[in-house]
Every structure is written in structure tokens, then in C-alpha cells.
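Here the structure is laid out as C-alpha cells; the discussion comes afterwards.
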There are 4 protein chains.
Amino acid sequence: MTSADPTTSRPLRADARRNRARVLEVAQEVFAEEGLAVPIDEIARRAGVGVGTVYRHFPTKDALFEAIIVERLRAVGEAARELAEGPEAGTGFFAFFEQMVQNASLNRALFDALAANGSFNRELTAEASNVMMTGLGQLLAKAQEAGRVRSDLTVTDVKTLMVGCLAMARQGTADPRLIVGVVCDGMRPVSPSRTPGA
Amino acid sequence: MTSADPTTSRPLRADARRNRARVLEVAQEVFAEEGLAVPIDEIARRAGVGVGTVYRHFPTKDALFEAIIVERLRAVGEAARELAEGPEAGTGFFAFFEQMVQNASLNRALFDALAANGSFNRELTAEASNVMMTGLGQLLAKAQEAGRVRSDLTVTDVKTLMVGCLAMARQGTADPRLIVGVVCDGMRPVSPSRTPGA
Amino acid sequence: MTSADPTTSRPLRADARRNRARVLEVAQEVFAEEGLAVPIDEIARRAGVGVGTVYRHFPTKDALFEAIIVERLRAVGEAARELAEGPEAGTGFFAFFEQMVQNASLNRALFDALAANGSFNRELTAEASNVMMTGLGQLLAKAQEAGRVRSDLTVTDVKTLMVGCLAMARQGTADPRLIVGVVCDGMRPVSPSRTPGA
Amino acid sequence: MTSADPTTSRPLRADARRNRARVLEVAQEVFAEEGLAVPIDEIARRAGVGVGTVYRHFPTKDALFEAIIVERLRAVGEAARELAEGPEAGTGFFAFFEQMVQNASLNRALFDALAANGSFNRELTAEASNVMMTGLGQLLAKAQEAGRVRSDLTVTDVKTLMVGCLAMARQGTADPRLIVGVVCDGMRPVSPSRTPGA
DNA sequence: CATGAATGAGTATTCATTCAT
DNA sequence: CATGAATGAATACTCATTCAT
């Protein structure tokens, strides 16, 4: 019961780390569910910590949001890179695109992460964004090499289209599969019959 | 019956109408620039009127926003109907789509108007929305008859895609023309070479 | 149809007087029903005039209220004087007391008129208050002479008791007749059996 | 179990409790002096705290007022019960009545508390009101048994009369003792000489 | 003179952030 | 280090009063 207890005697760093993780997790959920308007107090309450603790780890509401974004972007970037390094980058590109939209359509935070350009251009975000763009870029390049994607599209274009699909999916007004299908079709190389002038 | 008639000669709310218009105009600009978070006081200040004046014309912040939306939706609906009644509905559809995005890409309010489904379903908004959807529906039908648009797309799908394009255009990260081009291509009938499985 | 028409040719003073009366009447009703919190706009609307007209006749919301009070106090004072001049001042006193409470229990304005001491001590109100107090005083004196009312009660005491009864009646929690009966009993001369110490 | 116990040793909201009490105290004073129209900001200022602090303890202006009322009603009820359990309930009843009026004549809040029937019927208020009515009821019953109070008066009647006396005392226009004396006399059993018809 | 549009100070309430415990 | 109480700027909306038409 004294300081000899290995579990409770060093709650210092362990607790802090656990708290940070818990806050991040909860914030991610809450932002995803209810948007950025949720008060910090609510997040603290749901995470089972005091507001002060939230502020200890994230000096600002924006900083907290940024942290969530960074995490997400990194994960997405990793996924893209892995696919790019795989053998089927051609189909992988479209699968990735669909996947992203599927996953993030319920996730306000990731959408905001991708949509927020400029607003969060601090070091961390920029870096995470790079990771993401790089991964996506590799995947895109392979798909273009394989002739599956219009060669005049840049990574930024694709990211933008992804954000757009997310926005549409979140609308809930149309079948996401159909929407994504349309956009993916639009990204394929132009066949003679589809020339705008035709 | 001449200018002596006290009932009709009253020029009445000459400045009232001007104020209302000015508020609407300013609100439209400000909402477009800075989003819905702008305080009413700010709008009043920029319009050069007191808050009370804003509230006299629009009993609620939402009501003000709604008024902007209604105006916009109506105009857009009219435009679509006119094109539908014209001879070139096939190309008109795509022209309209591009036009919409061009016009509204700077306009946060119209985007929000279209994106907000359900939030503003009061009579006026609903009616204006109907006008818009009807006009777009006519245009779409013609374009599908002419074989220029995939026949499995509904008006709602198209509206959703339009909202998506607006979202993307507003990002400012990619060339709107390219983006809209991609989405328009995606809406054209599927040619053999574009079959997803291909 | 010209200035010869006696009905419409001189709407000047006539209209004004009618407007003033109408505003007063409506304000009396509205204050009685909903209390002083009612906006002036509401009163103007119900009276069928513009706010400006209300303000032309009563430079202030308080002034309007005061005017109502004055009218009421005067009427009440007159009634009391008449009774005092009649033959049955003894029973008349209690009848008057009960009447007052009955009449005013639904009437927020009269209650406020009586209850407002000091708040409205402008000339008019003071004068009307005097009229009222004088009438009541005469009635009280007669009743005291007839040995029907404790001789140590002053007009002010009686007025205060009346206000109290109004307050109680307005509560709606108890039968006004019973309440008034108790207070009236208390005002009668003390019989031996009722001596507090007994 | 000693001061080392982290669970019970936390003096915790030492200042929080102080602040809450201070706000309550100030609000009680201010409401008593100036009525319910006083802005919360004013109360906060006078209490030397920020508005937020007031709202932390009392989520609503009504809630703050309610808290004051509850405290008062409870205290009054307790006092009545104690007197009822004492030997001299007969004289105690009148003493209590006079006491109440004396104490509350300066206190707008208690008056409003008693006068407000229905407006504040939330759990707490209702409960406190019950405590009060119960205590008063016991005291009344004893006094009626002792033949000192008219047997046809109910607790509600008495409460109403008390409110009335408070209203009168607050007028400041008449000697409260005299007023209360009159009403108390009126509550005593009717002696032959006081029969209304006499 | 009547009208009602314009004004703007005033009010309750929220929430990001700081700081005493 | 954690806690949550305190802070106060900010915001939507109301209403008495003024003034152009």
C-alpha cells in the first residue's frame, strides 16, 4: 500500500501519457460526432479528466484539433504508401480512394483535417500533411504509369477530389458509392467518346 | 388616382427598402467571406445600420441567412429552367453545372444553402429549394434524353455533386475547371473503355 | 366631400382625442392582463396606431401608466365621496371596500396604481391620489363616527389594507370573499373578547 | 483516517463554497432591495466575482432566485414547526405571523417567494414550499384547537393573508404593527358583536 | 399630426482559457 | 501534475425612444 506498489507508485509519466491518449481519443470521437462546436469542458468530462489536464497537453483547442488531424493524416499517408509499394497500384489507387471516403464519411475530423488548408499550417500539421501527400503521390504516380488515371491530375487535385467526395458523402443525400463511382470514372483517362466536345 | 391619392402615392419605405437591401447585400458578402459565425452586430456595422434595423427586417440570424439562400436558390432554379427550355439542353446541362460552380465558388452562403438539407426547411426555403430542384430536374432529364448524362443519376445525385464541386472549388487548392471537368466527365454515360473493371 | 363635411372635415382634434382615448383604453386592458412588461409596440398595435402616436400623447411609458392610474384613482375617489355623502356610510364603507377589491382583483393596473407610492409622484398622480384619499377619508370618517370602524385607523391605513386585499385577491390562492371578510372584521372596533391579550 | 487521507482531507472548494455563499447573500440583498429586474452582472459585480462564477453555481437567473426562496421557505417552515411543537401554540401562532411579517417586510425576495405560486414549482421549491406549509399547518391547527383562530381558515388562507401583510408592510405607507394587528384580529373567532350584519 | 423605421444601450447566457488549491 | 473554480469577452436578441417621411 506504500510507495512499493509498482502500479501506483509511479503514476507520473504513465498517467500523463494515458491521459493524453484518452483525451485525444475522446476528442476525436466527439469532434467526429458533433463537430468543432463542442466545448472543451465536454471533452474533458467525457475523458474523465479536468479541463486543466486537457490544457496541459494541448495548449489550445485548435492545438487539440491539430493533434487529431496530424494523427489521421499520418495514418492515411502510411496506408497510401503501402499500397503504392504493392503490386497493384493501378486498382489500388481507386480502392484507396473509395476506402478513404468510406472511412471518413462518418468522420468529421478527418474531413476537416483534409479540408483545413492553411488554417493549421503549423509545423506538425505541415509535416503530417507532407507524409500524406507523399504517400498519395506515390500511389497516384504508379496509377498514372499504369494508364489508369488521367496523367494531368496532380496529387493536390486528387486530394481535393477526395475532400469533395467526403463532403458529398457526409451530405447523406446520395449513395456514396454512386458518387465516388462518378468521380473515379472522371479521373480515368479520357476516351474518345467522352471528349467534352463530342 | 393621380399623385394626390394618399394610399398609393406614399413612397413609404423608400429608405426601409434600401436598408433591407443593403443588409441583405452586406450579409451575403460577409457570410460568403467569413461564414455563418459572423456576429449580427458586425453585419449591422458594415451595413451602416443599427442592430435593431437588421432585426426589424430579419427576426433572426437564421432568418437572414435563409433570406439570402432563398434568393439564391430561386435564381439558380430559374436559370436551370431557362436552359432546359432552350434547344441545347445537352450541352446546357454541363454549362450550367460549370456556371454554378464558378459563380458560387466564392460564395460560402450558396454552398451552405445547398449543403444545408433539413436545417433550413422552413416554408420559404423549402419552396425555393423546390424551384431549384425542379429546374435542375428538367435540365437533367433533357440531357439524359439526349444521351449526354448517365441515365442512372437522379436530380439529388447531381445536386450532391454540385455541392461537392462547390466544396472543392472553395478549397482553392486546385483549378476549379479541372475539378469540374473531372466530375462532368464522370457524369457522362459510361463508355466501354471506362468500365470500372477495365 | 370638401371641408363642408362636418364629420370628416375636422378630423384634427377629434381624431387626436379619439386616439388618446383608444390608447388609454387599450393600455389599461393590456397592462391589466399582462402587466407592465408589455412593450409599447404591442399597445400601439392593439390600439391600431403607430408607436409615434402613443409617444405623442404620452411622452414616456411611465407617463402612459401614470395616466391610467390617474383616471382610476379619480373614479375611485368619486365613488367613495358619493357613498360618504349618502345616508349609509357605515355599511357603505365595507361595501366600498369589498367592491374595490372585487373590481380591481382582475385589474393589475389599479393595484399598481394604489401600490405605487412615490414612484409616480408627479403632479397629476399626486392630485388624483388626493382626490381618492379625500373621498375615502370622508367615507372612513363617517363610518368611524357611526362606530363601525376602529377609530385608530387612518385613511392611509385603510388604503394600505385595500392594497393588501388586492394583492391577496390577485394571488388566486384563497377565496377573496373570505379574505376580505377577515380584513373587514379586523377593521371593526375591538370587542372585549377580541383583546389580543385575551 | 487521519489528515493524510487524500479523499477526505481535500479542503476542496473552500473558496468555491465561500463564493457560492457570497453570491447567494448578495443576490438575496439585491433582489430584496431592487427586485428581480437586477441584472446578473450587477450581482456578480457586487459579489466581487465574474458572471461566469454566478452561472457556475446557479445555471440560470431563475435558479438563483429559486435557491434564495428555497432557503427562506425552509427556514420559515422550521420555525413554524418548532412553535407548533411548543406549549403555547395559541399565542405562538400570532407571534409567528407577526414575526414573519417583521422579518420579511424588508425582504422582497421572500415576499416574491410566497407570492409566486406556480412560477417556481420545480422540485426544490415545491419541496421547500411543502415544508413551509406543513409547519404552518401544524401551528394553525393547534391554534384553532385552542380556539384562538377562526376554524374556517385553511393553511392556504393564512399563507395568503401573510403574503398580503408582507405586501402591505413593504408599502411602507402604514405602521406594520397596526396592519398586522388588524389582520390578526380578523383571524380570531367571530364574537357576536362583530357579526358583519351587526 | 400620424406613421413606423431606425437606433443602440441593455440582458441572459456560453465557453476558451487561466490559476489557486 | 491534476483538478475544476473563476474569469470575462463575446453574442443573439429586446424594447424604449427618436426622427425622417
Side-chain angles (χ1 to χ4, degrees), chain A residues 11-13 15-16 19 37-45 48-62 64, chain B residues 6 9-20 23 37-45 47-64, chain C residues 11-13 15-16 19 37-45 48-62 64, chain D residues 10-20 23 37-45 48-62 64:
Chain A
L12 258 48
R13 309 277 161 73
D15 268 30
N19 270 340
V38 179
I40 288 279
D41 296 61
E42 171 77 5
I43 291 172
R45 204 175 49 70
V49 302
V51 245
T53 305
V54 175
Y55 275 91
R56 167 160 299 274
H57 293 297
F58 309 97
T60 278
K61 197 183 184 182
D62 276 5
L64 171 57
Chain B
S9 64
R10 279 179 196 155
L12 221 38
R13 299 93 182 176
D15 56 339
R17 226 174 308 175
R18 208 174 310 148
N19 269 335
R20 194 193 135 95
V23 167
V38 181
I40 287 278
D41 296 60
E42 171 75 6
I43 291 173
R45 203 175 50 69
V49 302
V51 242
T53 302
V54 176
Y55 276 95
R56 162 168 284 269
H57 292 295
F58 309 97
T60 279
K61 196 180 181 182
D62 275 5
L64 172 56
Chain C
L12 257 49
R13 307 276 161 71
D15 268 30
N19 270 339
V38 180
I40 288 279
D41 297 61
E42 172 77 4
I43 291 172
R45 204 175 49 71
V49 302
V51 247
T53 303
V54 176
Y55 274 92
R56 166 162 299 273
H57 292 296
F58 310 97
T60 279
K61 196 183 184 180
D62 276 4
L64 171 57
Chain D
R10 281 179 195 155
L12 220 40
R13 299 94 182 175
D15 56 339
R17 228 173 308 176
R18 208 175 309 151
N19 269 336
R20 196 193 134 95
V23 167
V38 181
I40 287 277
D41 296 60
E42 171 75 6
I43 291 174
R45 204 177 47 70
V49 303
V51 244
T53 302
V54 176
Y55 276 93
R56 161 168 285 268
H57 291 296
F58 309 97
T60 280
K61 197 181 182 180
D62 276 5
L64 172 57

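Numbers restart at 1 for each chain; the letters A, B, ... are given by sequence-line order, proteins then strands.
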>> According to side chain to side chain contact (heavy atoms under 4.5 Å, CB included), who are the partners of B:A47, at least two apart in sequence or on a separate chain?
In response: B:R22, B:V23, B:V26, B:V49
> In chain order, what residues pass the side chain to side chain contact (heavy atoms under 4.5 Å, CB included) check against B:R20, with sequence neighbours excluded?
Replying inline: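 With neighbours one apart ignored, the set is B:L24, B:H57, B:F58.
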> Under 4.0 Å between a side-chain N/O of B:H57 and OP1 or OP2 of E:dA6, yes or no?
Replying inline: yes
> Using the C1' atoms of the five pairs at each end, what is the angle between the end axes of the helix from E:dA2-F:dT21 to E:dT21-F:dA2, to 10°?
Replying inline: 10°
> Between C:Y55 and C:I40, what is the shortest heavy-atom contact and its length?
Replying inline: CE1-CG2, 3.6 Å
>> If I compare all heavy atoms of B:A44 with all of B:V54, which pair ends up nearest, and what's the gap?
In response: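 Where B:A44 meets B:V54 most closely, the heavy atoms are CB-CG2, 3.8 Å.
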>> One character per nucleotide, please: for nucleotides 7-12 of chain E, 5' to 3', B when the base has a protein heavy atom closer than 4.0 Å, S when only the sugar-phosphate does, - otherwise.
In response: BBB-SS
Rounded to whole angstroms, how far apart are [atom1] on [X] and [atom2] on [N]?
X: B:R18; N: E:dA6; atom1: CZ; atom2: P; answer: 10 Å
X: A:D15; N: F:dA2; atom1: CG; atom2: C1'; answer: 9 Å
X: C:F58; N: F:dT17; atom1: CZ; atom2: P; answer: 14 Å
X: C:I43; N: E:dG4; atom1: CD1; atom2: P; answer: 16 Å

>> Among residues at least two apart in sequence or on other chains, which ones pass salt bridge (Lys or Arg N to Asp or Glu O under 4.0 Å) with A:R56?
In response: none
>> Could you check whether any side-chain N or O of B:K61 sits under 3.5 Å from a backbone N or O of B:V38, counting only pairs where one atom can act as donor and the other as acceptor?
In response: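 Confirmed, B:K61 side chain pairs with B:V38 backbone.
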